[in-house]
Amino acid sequence: MYNARLSELFDEIADMLSLDEKSDRRFEVLAYRKAAMTIGSMQEDIGEIYKKEGVDGLMRLPGIGKGISASIREYIETGRMRKYDSLKEKYPIDFNAITRVPGIGAKQAFKLYKALKIRNIEDLKKAIAKHRISKIAGFGEKSENEISKGIMQLESSKGRMPIGTALPEAEALVKRLNESGLVERAAIGGSTRRMKETVGDLDILVTSSHADRVIKFISKLDEVQDVTLSGPTKTTVWLKIGISCDIRVVKDKSFGAALQYFTGNKDHNVKVRQIAIKKGYKLNEYGMFDKKGRNVSGPEEESIYSKLGMDIMDPEMREDLGEVELSIRHKLPRIVQINDIKGDLHVHTDHSDGYNSITEMAEYAKSLGRQYIGITDHTKSEYVAHGMNDAQFRKHFDDIDRANELVKGIRILKSAEIDILKDGSLDLKDSTLEMMDYRLASVHTSLAMSKVDMTRRVITAIESGYVDILAHPTDRIINTRNPIDMDLDKVFQSAHDNNVVLEVDGHPDRMDLNDENIRKAKEYNAKFSISTDSHRTTHLNMMRYGVSTAKRAWVTPEIVINAMDVGRMLKELSG
DNA sequence: GCCGTTTTCGGCCCGACTGTTTTCAGTCG
């Protein structure tokens, strides 16, 4: 896997080029930054792309042209990159680590090196201990303190936070702001609003005519551990849960422009702003202004897009993956919405490792407007999860029959989360499998198999004729466990050939398939089941994470089986 | 260095905040 390393190399090249005093190379710097971003955020291995499609394949990636693709090729072929090596001779600094400290960029890092030979975080810490930073020209007492604090925060944070933790925290902050009586509107922006599976920080937008009081109010919130910076319209705070939060205050008439500005990723925003320029406008977070400086946008986000002749798209789509162009041509797809979801096909109960009973899960699902749920308790190989054997499942199905009698207005379906064993066989007898309305299967054990073996294992299960849904196909746990090594192209092809649906497990620890893999599966005409993998009633609310993940991959409702009525859904599964 | 409804040269988004300046560069998103 070359992505992480190459992304770091290009970021460092950008850092080092920005130090060139003889010529202005800021656009070159920008180009390397963009390439680093592209490669760093890809999940597909760039080495594989090069192996399959050569330099042409590399040049199809956004921000990668002739020069950078040649450097990638050189690095993959030889393990070295001359451009990087020669720059590094001049600047022997660990820019990647040092510039991660808030307030230190390439230039400050170079100053630290020139003055005190600081090359890495360890050197920096030693210099702070001896109070030597504040003596350097361009630094002072305050910056030394800030750097010291920044290093501590860096070391205590666990990197990007899963959306399942970040979103509820952001929602709680918005609620507090709304209850403060100081704001007109408060909204979540940034990657949290785009529902990225992990977020680096929180962005919150507030409209108020008392910005100063809002900023002060925020600094005193229980959730806030420390104020990083604070100006008249913007503040950054470090939250106790271990993530930074930017809060921006604008006037209410700027709400739409500001929300638009703080939602799209960088590339999306740059493109929209370029369109504005072409049409003779200037777009910023305060509004869209014509040549005479008049604000031509309304108070809502939609007015920005409509004024530019574009259709507004859901936040999940605003990542410059073609949505801008389609929006101009009024050809945006109608992607799946939470209200399209009619059932949940991955639900555990206290019959295996869940917390609530069948009827409790059904009642709760009904209260959320679901028309059906599938009970998918574990099978016997999952003994830590109290998996059931064939005899126990037969009794379990009687219990489901009784629950269907008890709870009216929702259909409870018989299923199981069947273990795919090491050889690809399933963990229950065929006769038991035939008693189910549908069958969900997944890999839980022996995760360290070779790619060839794992691919064969999963495909064997898919071809058994007894699998309807492949649950959390890659088996990864965010920030904890890597995806299993498996040839996804082959698995997706086999799933399509055998009418097996792929799950989008919306549990925020899993998000599996993720957005990028869903996009890939769509190329194989996959169908999807968006589910919660619930283990207690309240987990059934996590459907929004799965739906947003599907939205990020532009999934339309026609290919989501649980957006169908129960009859049509079951028919679809039986092929 | 990249890119193209401004197509192979000439642009490349835009603004806030901070610290140490002595009028603004550096950093960040």
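Just the heavy atoms: all of them, side chains too, but no hydrogens, waters or symmetry mates, feed the values below. Residue numbers start from 1 in every chain, and the chains themselves are labelled A, B, ... in the order their sequence lines are given, proteins ahead of strands.
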Distance-only donor-acceptor pairs under 3.5 Å for side chains of residues 68-76 of chain A, two or more places apart:
{"from": "A:Ser69", "atom 1": "OG", "to": "A:Gly65", "atom 2": "O", "distance (Å)": "2.7"}
{"from": "A:Ser69", "atom 1": "OG", "to": "A:Lys66", "atom 2": "O", "distance (Å)": "3.0"}
{"from": "A:Arg73", "atom 1": "NE", "to": "A:Tyr50", "atom 2": "OH", "distance (Å)": "3.4"}
{"from": "A:Glu74", "atom 1": "OE2", "to": "A:Arg82", "atom 2": "N", "distance (Å)": "3.0"}
{"from": "A:Glu74", "atom 1": "OE2", "to": "A:Arg82", "atom 2": "NE", "distance (Å)": "2.9"}

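- Rounded to whole Å, atom C1' of B:dG1 lies 10 Å from atom CZ of A:Arg25.
- In this structure, A:Glu28 reaches the bases: a heavy-atom distance under 4.0 Å links it to at least one base atom across the strands shown.
- Going from atom CZ of A:Phe10 over to atom C1' of B:dC2 covers 13 Å, rounded to whole Å.
- Counting only heavy atoms from C-beta on, A:Gln108 has its side chain closest to B:dG26 among B:dC2, B:dG26, B:dC14.
- Using a 4.0 Å heavy-atom distance criterion, A:Lys66 is classed as a sugar-phosphate-only contact.
- Atoms CZ and OH, on A:Arg318 and A:Tyr305 in that order, are 4.0 Å from each other to the nearest 0.5 Å.
- Between A:Phe110 and A:Tyr91, the ring planes lie perpendicular to each other; the angle is over 60°, past the 30° to 60° tilted range.
- Rounded to whole Å, the distance from CD on A:Gln260 to P on B:dC14 is 13 Å.
- Side-chain N/O atoms of A:Asn284 include one lying less than 4.0 angstrom from OP1 or OP2 on B:dG15.
- The partner of B:dT8 cannot be assigned: no Watson-Crick or G-U wobble pair with both contacts below 3.5 Å exists in any strand.
- Nucleic acid contact for A:Leu17: none, since no nucleic acid atom lies under 4.0 Å from a heavy atom of the residue.
- Proximity of residues 286-311 of chain A to DNA chain B (heavy atom under 4.0 angstrom from any strand atom) is restricted to A:Tyr286.
- Less than 4.0 Å separates DNA chain B from no heavy atom of any residue of residues 209-217 of chain A.
- Summary of the strand contacts: A:Gly65 and A:Tyr281 both lie near DNA chain B, and taking for each the nucleotide with the nearest heavy atom, the more 5' one is attributed to A:Gly65.
- Every residue meeting the side chain to side chain contact (heavy atoms under 4.5 Å, CB included) condition with A:Thr228, not counting sequence neighbours, appears here in chain and number order: A:Thr236, A:Trp238.
- Remark: C1' of B:dG26 and CZ of A:Phe95 are 15 Å apart, rounded to the nearest angstrom.
- Residue contacts shown for A:Glu285 are limited to sugar-phosphate atoms, with no base heavy atom under 4.0 Å away.
- With B:dC12, B:dC14, B:dC2 as the choices, the nucleotide that has an atom nearest any side-chain atom of A:Lys282 turns out to be B:dC14.
- Listed by chain and number, the residues in a salt bridge (charged side-chain N to carboxylate O under 4.0 Å, His left out) with A:Lys196 amount to none (sequence neighbours excluded).
- For the pair A:Lys34 and A:Tyr32, the cation-pi test (distance below 6.0 Å, angle within 45°) is failed.
- When heavy atoms are screened at a 4.0 angstrom cut-off, A:Lys83 is found touching the sugar-phosphate backbone but no base atom.
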5' to 3', nucleotides 20-25 of chain B under a 4.0 Å protein heavy-atom cut-off (B base, S sugar-phosphate only, - none) gives SS----

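- What separates CG of A:Asp15 from P of B:dC28 is a distance of 10 Å, to the nearest Å.
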For residues 214-225 of chain A, dump all side-chain donor-acceptor pairs below 3.5 Å to protein atoms at least two apart in sequence or in another chain.
{"from": "A:Ser219", "atom 1": "OG", "to": "A:Lys216", "atom 2": "O", "distance (Å)": "2.6"}
{"from": "A:Glu223", "atom 1": "OE1", "to": "A:Arg176", "atom 2": "NE", "distance (Å)": "3.1"}
{"from": "A:Glu223", "atom 1": "OE2", "to": "A:Arg176", "atom 2": "NE", "distance (Å)": "2.7"}

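- For A:Arg213, there are no salt bridge (charged side-chain N to carboxylate O under 4.0 Å, His left out) partners at least two apart in sequence or on another chain.
- A:Asp311 meets the salt bridge (charged side-chain N to carboxylate O under 4.0 Å, His left out) test with no other residue; sequence neighbours excluded.
- Within the 4.0 angstrom heavy-atom criterion, only backbone atoms of the sugar-phosphate kind lie near A:Ala106; the bases stay farther away.
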Just the table, please: protein N/O against nucleotides 6-8 of chain B N/O, every pair under 3.5 Å.
{"from": "B:dT6", "atom 1": "OP1", "to": "A:Lys278", "atom 2": "NZ", "distance (Å)": "3.2"}

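- DNA chain B lies under 4.0 Å from at least one heavy atom of each of the following residues of residues 227-249 of chain A: A:Leu229, A:Ser230, A:Gly231, A:Pro232, A:Thr233, A:Lys234, A:Asp246, A:Arg248.
- Taking the side-chain hydrogen bond (donor to acceptor under 3.5 Å, both in side chains) definition, one finds that A:Ser548 meets it with A:Glu316, sequence neighbours left out.
- Heavy-atom nearest nucleotides on DNA chain B were determined for A:Asp203 and for A:Tyr32, and the one closer to the 5' end corresponds to A:Tyr32.
- Heavy atoms of A:Phe27 sit under 4.0 angstrom from at least one base atom.
- When rounded to the nearest whole Å, the span between CZ of A:Arg33 and C1' of B:dC3 equals 20 Å.
- Counting distance only, with no hydrogens placed and no angle test, the side-chain atoms of A:Tyr261 and the base atoms of B:dG15 include no donor-acceptor pair under 3.5 Å.
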